[in-house]
Amino acid sequence: MSGETWTRKYAPKSGKDVMQGAYLTLKEYVLGYRKQRAKAAILQGPTGCGKTSSVYALANELGYEVLELNASDFRNEDAIESIAGSASKQLSIFGRGKIILIDEIDGVSGQQDRGGMGAILLIAEKSSFPVIMTANDLSDKKFQALRRKSLLILYEALTYQQVYAELKNICECESITHDEQTLKKLALRAKGDLRGAINDLQALSQATRSISSQDVDELSDRDREASITEALLKIVKGTDIKVAASAFENVGEELDKCAMWIDENLPYEYLHGKELKKAYDSLSRADVFTGRIRRWQHWRFLVYINALISAGVAISKRERNRSVVQYKQPSRPLKIYIANSKYAKKHSIADKIAEKTKCSSRTAMHGYLPYMKLIFANSIEAADAISEELELSYDEKEWLRR
């Protein structure tokens with residue numbers, strides 16, 4: 001086997017290979033860029049759903065060059081402008097069209113990124129070529145100005161059937177010995193992340209040109225969940241405060257994710273109301289410190305978060321629950337993503353109304369949007385006029401008609 005990664009080798013080469021219906025909206029935006037009033041397009045969707053690969057597929061289809069900038073690597077105005085500023089105005093060496101791709105813009109955050117978001121906006125406004133950005137989540141207020149001036153294109157998580165079909169195709173092309181159930185297990189485990197599933201397939205089959213059900217069960221993600229389980233046991237079953245306080249030291253998860261695991265499983269371990277109340281009080285106090293870190297960038301508060309979600313939860317019980325509990329993964333991230341996706345179009349429309357009427361997005365959301373839905377439901381001519389004025393996308397118009 002060659003050293004080339006399979007994610008690159010089997011990346012979509014044109015629109016017919018892309019698994020997202022949103023690709024047509026992206027293509028329409030790029031082809032009509034000079035007539036578009038939106039300064040940039042933002043592809044929003046979960047990890048591994050094909051946002052970045054669809055940009056490269058479109059560039060390949062149109063014969064364009066892609067200038068890629070990862071926002072998490074260049075975290076301030078000077079760095080972003082030095083790399084993308086001049087390139088956004090100059091033709092490529094061979095005179096081809098160009099797409100400016102700014103990947104993972106949710107990586108621009110915090111004090112060290114001061115000016116980074118403004119630089120991205122400036123590049124989008126002055127660029128002679130279409131600017132495409134990707135993001136997992138744009139719910140943070142810092143993206144409000146960017147959302148207002150951009151076309152939001154929503155990408156959905158891939159189904160396990162789509163992931164399975166691609167894995168099966170790769171196995172056939174690479175002559176990998178496999179069975180249907182093993183590939184389906186790998187596809188289900190990916191949870192819509194095709195890139196992650198392909199990387200796992202390559203890692204598991206690289207040496208033997210085969211993949212088994214046991215191989216899938218031994219993946220690193222399963223090991224990471226086992227570490228979380230061990231940490232939970234030290235906290236909810238243990239009585240030693242020092243052991244509980246060090247429970248998350250070697251766990252490969254951020255503290256906020258660890259807190260979600262505790263939040264999800266506490267009711268199954270702490271069966272007495274007073275103990276459960278005391279444990280949740282520790283979690284809520286940790287959440288207060290999380291807010292302070294985000295607001296003031298006081299990272300020294302992390303030590304208090306760790307103490308509260310570990311030792312604080314551990315000492316909330318008088319005695320441990322001796323029954324065996326099967327711990328569950330946190331459901332909150334999925335619920336948050338579903339909610340954000342559900343209201344993404346609503347926020348996008350409100351931002352466009354706010355820009356036209358010179359009001360706040362909040363006023364547009366609560367003061368104008370309900371009446372617009374009535375107009376779209378009762379007057380086709382008025383709806384068409386408003387759509388043209390606000391430059392609403394097809395999906396946004398359909399949302400207003402519901």
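This structure is a prediction, so every number in the text was calculated from the model and none was measured.
- Going from atom CH2 of Trp261 over to atom CD1 of Ile235 covers 12.5 Å, rounded to the nearest 0.5 Å.
- A distance-only check finds a donor-acceptor pair linking the side chain of Lys373 to the backbone of Trp399 [under 3.5 Å].
- Checked for salt-bridge contact, Glu275 and Lys278 miss the test: no charged N lies under 4.0 Å from a carboxylate O.
- Between Glu156 atom CD and Met19 atom CE the span is 14.0 Å, to the nearest 0.5 Å.
- Atom CG of Leu271 is surrounded by more than 12 heavy atoms from other residues, nucleotides or ligands within 6.0 Å.
- No side-chain donor-acceptor contact under 3.5 Å links Glu269 to the backbone of Val236.
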Set out, in order, the CA-CA distance, both residues' side-chain angles and the distance that settles side chain to side chain contact (heavy atoms under 4.5 Å, CB included) for Val131 and Lys39, then state yes or no. CA-CA 7 Å; Val131 176; Lys39 301 300 182 182; over 6 Å; no

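- Gln44 places no side-chain N or O within donor-acceptor distance of the main-chain N or O of Leu152, the cut-off being under 3.5 Å.
- A side-chain hydrogen bond (donor to acceptor under 3.5 Å, both in side chains) with Ser361 is found for exactly one of Arg147, His347, Arg148, namely Arg148.
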Decide side chain to side chain contact (heavy atoms under 4.5 Å, CB included) for Leu146 and Met133; before the verdict, give the C-alpha distance in whole Å, the side-chain angles of both, and the deciding distance to 0.1 Å. CA-CA 10 Å; Leu146 196 60; Met133 293 170 266; 3.7 Å; yes

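- The CG atom of Asn169 lies 10.0 Å from the CD atom of Glu174; values are rounded to the nearest 0.5 Å.
- With a 4.5 Å cut-off on side-chain heavy atoms, Asp103 and Lys51 do not count as touching.
- Between Phe248 and Ile262 there is a side-chain heavy-atom pair separated by less than 4.5 Å.
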Given Ser212 and Asp215, is the side-chain hydrogen bond (donor to acceptor under 3.5 Å, both in side chains) satisfied, shown in steps? CA-CA 5 Å; Ser212 67; Asp215 292 332; 3.1 Å; yes

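- Lys191 contributes no side-chain N or O that, together with a main-chain N or O of Leu188, makes up a donor-acceptor pair within less than 3.5 Å.
- Residues Arg285 and Asp281 are paired through a salt bridge, judged by an N-O separation under 4.0 Å between the basic side chain and the carboxylate.
- Remark: side-chain polar atoms of Asn306 are paired, donor with acceptor, to backbone N or O of Ala245 under 3.5 angstrom.
- Within the 4.5 Å cutoff, no side-chain heavy atoms of Tyr23 are placed close to those of Pro12.
- Remark: side-chain polar atoms of Lys274 are not paired, donor with acceptor, to backbone N or O of Ser316 under 3.5 angstrom.
- Using a 4.5 Å heavy-atom threshold, the side chains of Ile293 and Ile305 count as touching.
- Using modelled atom types, one side-chain atom of Tyr33 and one backbone atom of Phe129 make a donor-acceptor pair closer than 3.5 Å.
- Side chains of Thr182 and Leu186 form no contact here, defined as non-hydrogen atoms less than 4.5 Å apart.
- Contact annotation: the side chain of Ile198 approaches that of Leu167 to within less than 4.5 Å [non-hydrogen atoms, C-beta and beyond].
- A heavy-atom distance below 4.5 Å is not found between the side chains of Ser282 and Ile309.
- Judged purely by atom type and a 3.5 angstrom limit, Tyr270 uses its side chain to pair as donor or acceptor with the backbone of Val313.
- Side-chain atoms of Ser205 never come within 3.5 Å of backbone atoms of Ser210 as a donor-acceptor pair (strictly under, hydrogens ignored).
- Side-chain contact check for Tyr280 versus Asp263: some heavy-atom pair is nearer than 4.5 Å.
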Apply side-chain hydrogen bond (donor to acceptor under 3.5 Å, both in side chains) to Glu396 and Ser348, showing your working. CA-CA 8 Å; Glu396 290 168 342; Ser348 176; 2.6 Å; yes

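- With hydrogens and angles ignored, the 3.5 Å screen pairs a side-chain donor or acceptor of Asn60 with a backbone N or O of Lys13.
- Phe301 and Tyr304 have tilted rings, their planes meeting at an angle from 30° to 60° on a 0 to 90° scale.
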